[in-house]
Each structure stands twice: as C-alpha cells, then as structure tokens.
Amino acid sequence: MRQDPSEIIPIASEPFRSILIFGPPGSGKGTLGKFLSTAGNHFHLSSGDIFRGLSPESPAGKLFHTYAGKGHLVPDEVTIEIWKHYVGGLIATNRYFPHEQFLLLDGVPRTVRQAEILDQYIKVMKIIVLTMDNTEGLIKRMQRRAIIERRMDDADEKVLRTRMQVYEKETLTLLKHYPSELIVEFNADQRPLEVLRDVLIEMSYFLSHSEE
Ligand code: ADP
C-alpha cells in the first residue's frame, strides 16, 4: 500500500528537527529520551508509547496487539500514518512546538522503508545509538521490567528474542540510510546515569542550541 505523494497532507511547513535514539529492546532508550526531554525542553516521542496508548478495541490497537504480541513490527505504512496523526495532534493541542523544540524520536524509524517515508517529515540532526552486546543481560532486565511495569509483551522470552533479532536485522541496517557523521554510539552497558553523562558530554551543544 504505497502512498501517492500528492495525497500526503502536510503537517508542518518545515521538517521537524529531530534526534533519533536507537538501541536494542531494554537498552534504556526510553529512559534516556525522557531525561533528555526534561533537561532541554525537547519533545520525547516514543513509538512504543503511542502504540500502547491506542485503545485495544480500535482497529489500529487490534493491529498493534497482533504484531507486538509476537515480537514483530507493525507494517511500515500504518506505523507512519499513526505517528503522523499523533504528531499532528501534539502540535494542534500546543504540546509540541516544532520551531522551538527538537523531536527526540525513540523507536521510529525501525526499518529502511519507515526512514524513507519519514524523510519528508523530519530533518535528522543527530543519531544516538545505544550499544549493548550482552543480550542475555538485556533479556533478564526486560523480564524484570515487564513485571514491574506490567508490560506483558515483555515477559515472554521467545518474543523478547524475536525482538532482539528484528532490531539487529531491520533497525541496524537502516542506519546506513543516514550519513555516518550524524551517528554517535554510546555504551549502554553502564548505569543509567553514566549513559546519560556520556550522552550529555557529547550532545550538550546540540541539546542546548535548539532555540532559534
Ligand atoms: P522495544 O522495547 O522493543 O524497543 P517498543 O516499546 O519501542 O519496543 O515497541 C513495542 C512494540 O511496538 C514493538 O515490538 C512493535 O510491535 C511496535 N512498534 C513500536 N515502534 C514501531 C515501529 N517504528 N514500527 C513498527 N512497529 C513498532
């Protein structure tokens, strides 16, 4: 279901200046995004949060549960369509101010196709990649979090392993879509504050110069 570019409704006059955050499931990208948004008055937008916020009874919510329940990605066109409507709503309700804030995107794009579609809406300023080689540690961390946050999709080990594989196959490949000079890697196998410290040292210029 490819979209004819002429049908696309513009949601803003200029592309949103965005910082992308990548990392395997459980690497702490959501926590980092939340920290950075508070620290610099940026807007943190997590695709997982958008999807989990959909009513389970709605067609989009049902679709999400079908895919997420198996650890698979929601199809690209639907994902970006939901994302676009959500961002449009944030702007219309004065929660996200594109001219003053960076968009900290966590969890989207996840595939090359999503990155291609998003090119018309976002201008990527930097890409933060959280690296973590310890897959077994990640899986244990997520199972603990699943119980605390009642995220039952995170409790099943088979589903978790599928998500790790999807990340390595799809998401890491998509980094090639962007110029390598935008990409900065951070070791996420540290305490959250240590990861935050490394990111702030590297990114403080960007994070503090978003206002025009
Ligand atoms: P993770 O903990 O794997 O980073 P998220 O909380 O970001 O997961 O997302 C949970 C689920 O939501 C994913 O497994 C997937 O089914 C769906 N999802 C989130 N973002 C996307 C996306 N950009 N494209 C397709 N599916 C997505």
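Throughout, residue positions are numbered sequentially from 1 according to the sequence presented. All ligand and atom numbering here is 1-based and tracks the order in the structure.
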- Would you mind finding which of M142, R110, R163 brings a heavy atom closest to atom 9 (O) of ligand 1? R110
- Note on the structure: Nearest heavy atom to atom 11 (C) of ligand 1, choosing from F64, W83, Y67, F51, belongs to F64
- Item | Close approach, Y167 and ligand 1, non-hydrogen under 4.0 angstrom | no
- Please identify which atoms of ligand 1 are closer than 4.0 Å to at least one heavy atom of T79. 22 (C), 23 (N), 24 (N), 25 (C)
- Query: Any idea which part of Q114 is under 4.0 Å from ligand 1, heavy-atom wise: side chain, backbone, both or neither?
  - Reply: side chain
- Message: Taking atom CZ as the centre, does R191 end up with more than 12 heavy-atom neighbours from other residues, nucleotides or ligands that are less than 6.0 angstrom away?
- Response: no
- Task: Sequence neighbours left out, what pairs pass side chain to side chain donor-acceptor pair (under 3.5 Å) with at least one residue falling in residues 56-69?
- Result: none
- Task: Could you check whether the rings of F51 and F64 sit parallel, tilted or perpendicular, using 30° and 60° as the cut-offs?
- Result: parallel
- Under 3.5 Å, N or O to N or O, is V74 touching ligand 1 that way? yes
- Message: Can you confirm whether or not the ring centre of Y96 sits under 6.0 Å from the ring centre of F16?
- Response: yes
- Query: Considering only heavy atoms of R52, which atoms of ligand 1 have at least one such atom less than 4.0 Å away?
  - Reply: 6 (O), 10 (C)
- List, by chain and then residue number, the residues other than I201 in its hydrophobic cluster (Ile/Leu/Val/Met/Phe/Trp/Tyr, side-chain heavy atoms under 4.5 Å); write none if there are no others. none
- Task: Go through the side-chain N and O atoms of D49 and H44 and say whether any donor and acceptor fall under 3.5 Å apart.
- Result: no
- Query: By number and element, which atoms of ligand 1 are closer than 4.0 Å to a non-hydrogen atom of G107?
  - Reply: 20 (N), 21 (C), 22 (C), 23 (N)
